[in-house]
There are 2 protein chains.
Amino acid sequence: MGLDQGRRSIGARRNPDSADAILDAAEAVLVEAGYSGFSIEAVARRARAGKPTIYRWWPSKAALLFDVYQRLKRVDHPDTGNLEDDLVGFLKSLFSHWRETSSGSIFRSLIAEAQSDATVAAVLAEYTKGRHAHTGQMIERAKARGEVAADVDSTLVADLVASFAWTHLLTNRLDEDETTLRKTVGYVVKGIAPPASSPPAIWQRSRRRRIVG
Amino acid sequence: MGLDQGRRSIGARRNPDSADAILDAAEAVLVEAGYSGFSIEAVARRARAGKPTIYRWWPSKAALLFDVYQRLKRVDHPDTGNLEDDLVGFLKSLFSHWRETSSGSIFRSLIAEAQSDATVAAVLAEYTKGRHAHTGQMIERAKARGEVAADVDSTLVADLVASFAWTHLLTNRLDEDETTLRKTVGYVVKGIAPPASSPPAIWQRSRRRRIVG
DNA sequence: TCTTCGAAACGAAACGGCCCGTTTCGTACA
DNA sequence: TGTACGAAACGGGCCGTTTCGTTTCGAAGA
């Protein structure tokens with residue numbers, strides 16, 4: 001499912017040049033003028049295209065945004081044989097990808113748009129669900145290696161890590177250094193409880209468990 | 001620092017009735033029409049107020065939003081003597097607060113507005129910084145009890161937990177059951193690595209450490 | 001192979017409508 | 001008499017749609 005429900009499909013001959021020019025212009029406008037300056041009229045002016053041409057192929061501003069986003073390269077998930085390295089590497093490349101390309105601006109705009117458009121919210125939810133599944137495979141691989149407990153919900157862990165990335169994107173904090181990322185990932189993988197050595201380990205663990213239950 | 005920079009302060013006699021009516025109307029419009037239907041004109045119509053009256057006291061739509069949000073009750077942080085219970089209780093009450101009052105809609109709108117208004121972004125950043133400090137006190141208390149390692153960055157942990165809450169707010173997933181919240185908190189507190197018993201513990205740990213370093 | 005022709009996409013312009021932020025009124029209250 | 005107030009109107013921008021004349025392209029026919 002996508003956002004292009006409204007497109008004509010019978011007898012339609014879309015002009016590839018025009019479509020590309022519109023997508024190029026949309027990306028440029030978004031980067032240069034930001035989300036607040038992103039309007040169909042601005043894209044049409046920039047692309048030297050008519051508004052009806054845009055509306056013919058994209059039923060909404062969000063659909064155009066989504067197509068622009070999907071043209072961009074995605075960040076893949078590393079497989080180093082160690083979960084912490086995988087997660088840190090993933091966050092590092094995701095952050096730099098968001099920082100150094102237009103992906104960050106575009107994805108931020110998509111999230112913002114989803115707050116006022118239920119259709120965008122649904123599409124975004126489906127998209128992120130798929131991304132979380134991909135990220136979850138890193139955890140599943142680690143589970144197969146014995147690095148992760150068998151009863152861990154890998155999708156939930158992926159959700160937790162992606163949440164960290166989302167809020168840092170939304171709050172202009174994509175410049176975290178590797179140490180911070182590594183600490184964050186470490187908290188998820190190893191937890192924040194003290195190592196089970198300095199005080200008697202059984203005490204620590206049983207004490208935690210007792211109060212939790 | 002706040003968003004009310006533009007307000008007149010010399011010789012101004014603000015009408016409390018009018019200001020309250022405007023804030024009430026803003027909250028009502030936001031809840032009923034959503035973020036997309038939230039406009040100064042709509043608030044003015046609803047409050048039977050003139051637009052200049054709103055602009056006299058609030059320099060921007062975001063400033064009005066922020067004032068509406070700050071009128072609302074905040075969620076406090078529990079102190080049960082156990083970190084996992086504290087964090088789960090915090091998330092539970094935060095989610096239900098966001099779900100059952102207008103706080104959720106308003107905070108979502110603030111985040112969305114911050115994506116197109118740098119001033120809002122700055123104020124929101126400062127606000128969340130303060131909230132993270134509060135949440136971090138839960139971790140600091142646990143640290144004092146020995147539940148958390150001394151070198152753990154409590155602000156970063158608070159950031160991680162709050163990120164989870166933010167994205168669930170932004171993606172309409174405030175209805176997570178307590179089990180999910182407890183699992184998520186457990187991943188942060190205890191980590192996702194398997195208990196150091198079933199396979200030889202030293203192997204597991206040294207193998208992880210070797211590859212990480 | 002070349003020409004013709006109609007369908008469909010195109011750019012440009014204009015429409016009514018909504019909201020922006022501001023200005024100008026007359027009014028009510030201290 | 002000050003000042004805040006409401007109502008109304010301003011120019012401007014963007015929305016999504018409609019109408020216009022033009023261009024492009026593929027299929028039919030010579």
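Every chain is numbered from 1 and lettered A, B, ... according to where its sequence line falls, protein lines coming before strand lines. All heavy atoms count here, side chains included; hydrogens, waters and symmetry mates do not. In this text, all values refer to a predicted model and were calculated from it rather than measured experimentally.
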Spacing of B:Ile192 atom CD1 and A:Leu83 atom CG [to the nearest 0.5 Å]: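 Answer rounded to 0.5 Å: 5.0 Å.
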Separation of B:Thr155 OG1 from B:His132 NE2 (nearest 0.5 Å):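 It comes to 9.0 Å.
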Atom pair distance, as rounded to whole Å: [atom1] in [X] and [atom2] in [N]:
X        : N      : atom1 : atom2 : value
A:Arg48  : D:dT22 : CZ    : C1'   : 18 Å
B:Tyr55  : D:dC5  : OH    : P     : 16 Å
B:Ile22  : D:dA7  : CD1   : P     : 12 Å
A:Phe38  : D:dC14 : CZ    : P     : 13 Å
A:Trp58  : D:dT17 : CH2   : C1'   : 18 Å
B:Asp117 : C:dC20 : CG    : P     : 14 Å

Side chain of A:Pro52 - closest among C:dA13, C:dT24, C:dA9: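 Given the options C:dA13, C:dT24, C:dA9, the side chain of A:Pro52 is closest to C:dA13.
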Nucleotide nearest B:Lys61 (side chain, heavy atoms from C-beta), chosen from C:dC10, D:dG6, C:dC20: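 Looking only at heavy atoms from C-beta outward on B:Lys61, the closest nucleotide is C:dC20.
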N/O donor-acceptor pair, side chain A:Lys51 with base C:dG11, under 3.5 angstrom: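 Looking at the base of C:dG11, it does not pair with any donor or acceptor on the side chain of A:Lys51 (distance under 3.5 Å).
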Side chains of B:Glu113 and B:Tyr35, donor plus acceptor under 3.5 Å: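 Yes, side-chain donor-acceptor contact under 3.5 Å.
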A:Ser36-B:Ser116 side chain donor-acceptor pair, cut-off 3.5 Å: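 Looking only at side-chain atoms, B:Ser116 and A:Ser36 do not form any donor-acceptor pair under 3.5 Å.
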With B:Tyr187 via ring pair (Phe, Tyr, Trp, His ring centres under 6.0 Å) - residues at least two apart: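 Expected list: none.
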Sub-4.0 Å heavy-atom contacts from residues 39-46 of chain A onto DNA chain D, ordered by number: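 Under 4.0 Å from DNA chain D: A:Ser39, A:Ile40, A:Glu41, A:Arg45.
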Complement of C:dC29, any strand, by Watson-Crick or G-U distances under 3.5 angstrom: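 Its partner is none (no Watson-Crick or G-U wobble pair with both distances under 3.5 Å).
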ring-ring contact (aromatic ring centres under 6.0 Å, His included) assessment of B:Trp58 paired with B:Phe66: CA-CA 10 Å; B:Trp58 292 277; B:Phe66 204 73; over 10 Å; no
For B:Asp177, all residues meeting side chain to side chain donor-acceptor pair (under 3.5 Å), sequence neighbours excluded: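 Counting only residues at least two positions away or on another chain, B:Asp177 forms a side chain to side chain donor-acceptor pair (under 3.5 Å) with B:Thr180.
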Hey, is the side chain of [X] poking within less than 4.0 Å of OP1 or OP2 on [N], counting only N and O atoms?
X       : N      : value
A:Trp57 : C:dA8  : no
A:Thr53 : C:dG11 : yes
A:Arg56 : C:dC10 : yes

